[in-house]
Amino acid sequence: LVSKQSERDAQRPSVLPIGRGVLLDALLGWSEALQSGHIPLACHALVGVLLSLHEAGEIDLFVAPRLGLSERIRQIVSEKLSYEWSSEEIESEFSLSGATFRRRLAAEGTSFRRILLETRLAGAMEMLRTTRLPIKTVARQVGYRSVPGFSKRFIERYGVEPSRIRKA
């Protein structure tokens, strides 16, 4: 069984031996309950698996993972999609220099510009799927001044025109 040891060892998974014992019994009980289609029993057995892992020292299972910088930026941007965000504002929010900010995002395989684009387009997709707002309004609410510019980016990202989302 592979699991994370700690935040500093997050890149190196550890291996827990599964010999005869509480953990193996819990895993087998969970597997049998799933195979028989008995969902309440499977849920109960899964709690037993988690408790066994916790007893084996795998306490990280009960701790929410820390969000990376890019995910925290997405959260901020998604609260005000139409706002004219600048990297300087976000750098200041996280008390980072421009170089450190770009380096940390590059280490996560992204950039501020990409996060902004993806977050806005995801917000647009959600609005198109859940509202009847005109495309011009959706574009404006996610920070685009022109419908053609918005449509071009939307098509690049999703491979379909915004107007076709409602017909799907």
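Not measured: the values here are computed from a predicted model. Residue numbers count from 1 along this sequence.
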(message) Same cluster or not: Val160 versus Val147, using hydrophobic residues (I, L, V, M, F, W, Y) connected whenever any side-chain heavy atoms lie under 4.5 Å apart?
(response) yes

(message) Working to the nearest 0.5 angstrom, can you tell me the gap between Glu91 CD and Arg104 CZ?
(response) 12.0 Å

(message) Would you compute the distance between atom CG of Leu41 and atom NE2 of His44 and round it to the nearest 0.5 angstrom?
(response) 7.0 Å

(message) For a side chain to side chain contact (heavy atoms under 4.5 Å, CB included) check, start with the C-alpha distance between Leu69 and Phe101, then their side-chain angles and the critical distance, and finish with the verdict.
(response) CA-CA 9 Å; Leu69 179 60; Phe101 180 71; 4.1 Å; yes

(message) I need the Arg74 CZ to Glu118 CD distance, nearest 0.5 Å.
(response) 5.5 Å

(message) Could you check whether any side-chain N or O of Ser36 sits under 3.5 Å from a backbone N or O of Ala33, counting only pairs where one atom can act as donor and the other as acceptor?
(response) yes

(request) State plainly whether one hydrophobic cluster holds both Leu133 and Met125, where clusters connect Ile, Leu, Val, Met, Phe, Trp and Tyr through side-chain heavy atoms under 4.5 angstrom apart. (result) yes

(message) Rounded to the nearest 0.5 Å, what separates atom CZ in Arg72 from atom CD1 in Ile90?
(response) 11.0 Å

(request) Evaluate the criterion salt bridge (Lys or Arg N to Asp or Glu O under 4.0 Å) for residue pair Glu84 and Arg145; output intermediate values, then yes/no. (result) CA-CA 11 Å; Glu84 294 276 338; Arg145 292 186 182 138; 3.1 Å; yes

(message) Hydrophobic clustering (ILVMFWY, side-chain heavy atoms < 4.5 Å, transitive) - are Ile165 and Tyr158 grouped together?
(response) yes

(message) Under the side chain to side chain contact (heavy atoms under 4.5 Å, CB included) test against Leu81, which residue among Met127, Gln141, Arg140 passes?
(response) Met127

(request) Give, for atom SG of Cys43 and atom CD1 of Ile39, the distance between the pair rounded to the nearest 0.5 Å. (result) 6.5 Å

(request) Of all the heavy-atom pairs spanning Leu34 and Ala42, show the shortest one and how long it is. (result) CD2-CB, 3.8 Å

(message) Restricting to non-hydrogen atoms, name the atom on Phe150 and the atom on Pro162 that form the minimum distance, rounded to 0.1 Å.
(response) CE2-CG, 3.7 Å

(message) Please say yes or no: joined through hydrophobic side-chain contacts below 4.5 Å, possibly via intermediate residues, are Phe112 and Phe94 part of one cluster?
(response) yes

(request) Is it possible for you to say whether Leu105 and Ile76 belong to one hydrophobic cluster, with membership spreading through side-chain heavy-atom contacts below 4.5 Å? (result) yes

(request) Grab the two heavy atoms, one from Thr130 and one from Glu126, that are nearest each other, plus how far apart they are. (result) OG1-O, 2.7 Å

(message) Under the rule for side chain to side chain donor-acceptor pair (under 3.5 Å), what residues qualify as partners of Glu89, not counting sequence neighbours?
(response) Tyr83, Ser86

(message) Once rounded to the nearest 0.5 Å, what's the spacing between atom OG of Ser87 and atom CG of Leu96?
(response) 11.5 Å

(message) What verdict does the side chain to side chain contact (heavy atoms under 4.5 Å, CB included) test give for Leu128 and Ile135, after you've listed the backbone C-alpha separation in whole Å, the side-chain angles of each residue and the deciding distance to 0.1 Å?
(response) CA-CA 8 Å; Leu128 290 168; Ile135 292 174; 4.2 Å; yes

(request) Tell me, yes or no, whether the heavy-atom count around Trp85 atom CH2, taken from other residues, nucleotides or ligands under 6.0 Å, exceeds 12. (result) yes

